[in-house]
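Contents: one structure, followed by commentary.
Computation of the quantities below employed the complete heavy-atom set of this structure, encompassing side-chain atoms and omitting hydrogens, waters and symmetry-equivalent molecules. All values reported here derive from a predicted model rather than from experimental measurement.
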Amino acid sequence: MALACFVAARLVAECSGAQSEDAAARVARSAGAKAWLGTLALPTSIRAPVTRCAELSVGANHVAAGKEIAGLAAAAAPFLDAPSKAELDALAALLGG
């Protein structure tokens, strides 16, 4: 659970600044992450937001990514410790979510 949240956060963190990777690299990374996330036994409440985070990482819409990370943080709160949730909340705030 925590690793899935970390991967989603790492992917959308790129939305906070200038995109240094080309679009093809972002698409490939998103596809790889979604494939890996699909192999995990995640609660239904987590699966959708974590997948949407991977999908949103392809673009540069930081506000949408921030809202999705905020949603993921809320859904994952029962499963995460306080510092982990705080990191997701801080990323959501940074992205404007």
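The two residues P43 and M1 make their nearest non-hydrogen contact at CD-CE, 3.3 Å. For the residue pair P78 and A74, the shortest heavy atom distance occurs at CD-O, 4.0 Å. Residue A8 comes nearest to V50 through the heavy atom pair CB-CG2, 3.5 Å, listed as atom of the first residue, atom of the second, then distance. V12 and S57 make their closest contact through N-CB, 4.2 Å (heavy atoms, listed as atom of the first residue, atom of the second, distance). Residues V7 and A33 share a closest heavy-atom pair of CG1-CB, 4.2 Å. A9 approaches I69 most closely through the heavy-atom pair CA-CD1, 3.9 Å.
Taking CG of L91 as the start and CZ of R10 as the end, the distance is 10.5 Å to the nearest 0.5 Å. To the nearest 0.5 Å, atoms CD (E14) and NE2 (H62) are separated by 14.0 Å.
Looking only at side-chain heavy atoms (C-beta outward), C5 and F79 stay at 4.5 Å or farther from each other. At least one side-chain heavy atom of E55 sits less than 4.5 Å from a side-chain heavy atom of T51. Side-chain contact between L80 and L88 is present, with at least one heavy-atom pair separated by less than 4.5 Å. Contact of the L11 side chain with the S30 side chain is not registered, since no non-hydrogen atoms from C-beta on lie closer than 4.5 Å.
Of the residues V63, L95, L56, the one that meets the side-chain contact (heavy atoms from CB on, under 4.5 Å) test with E68 is L56.
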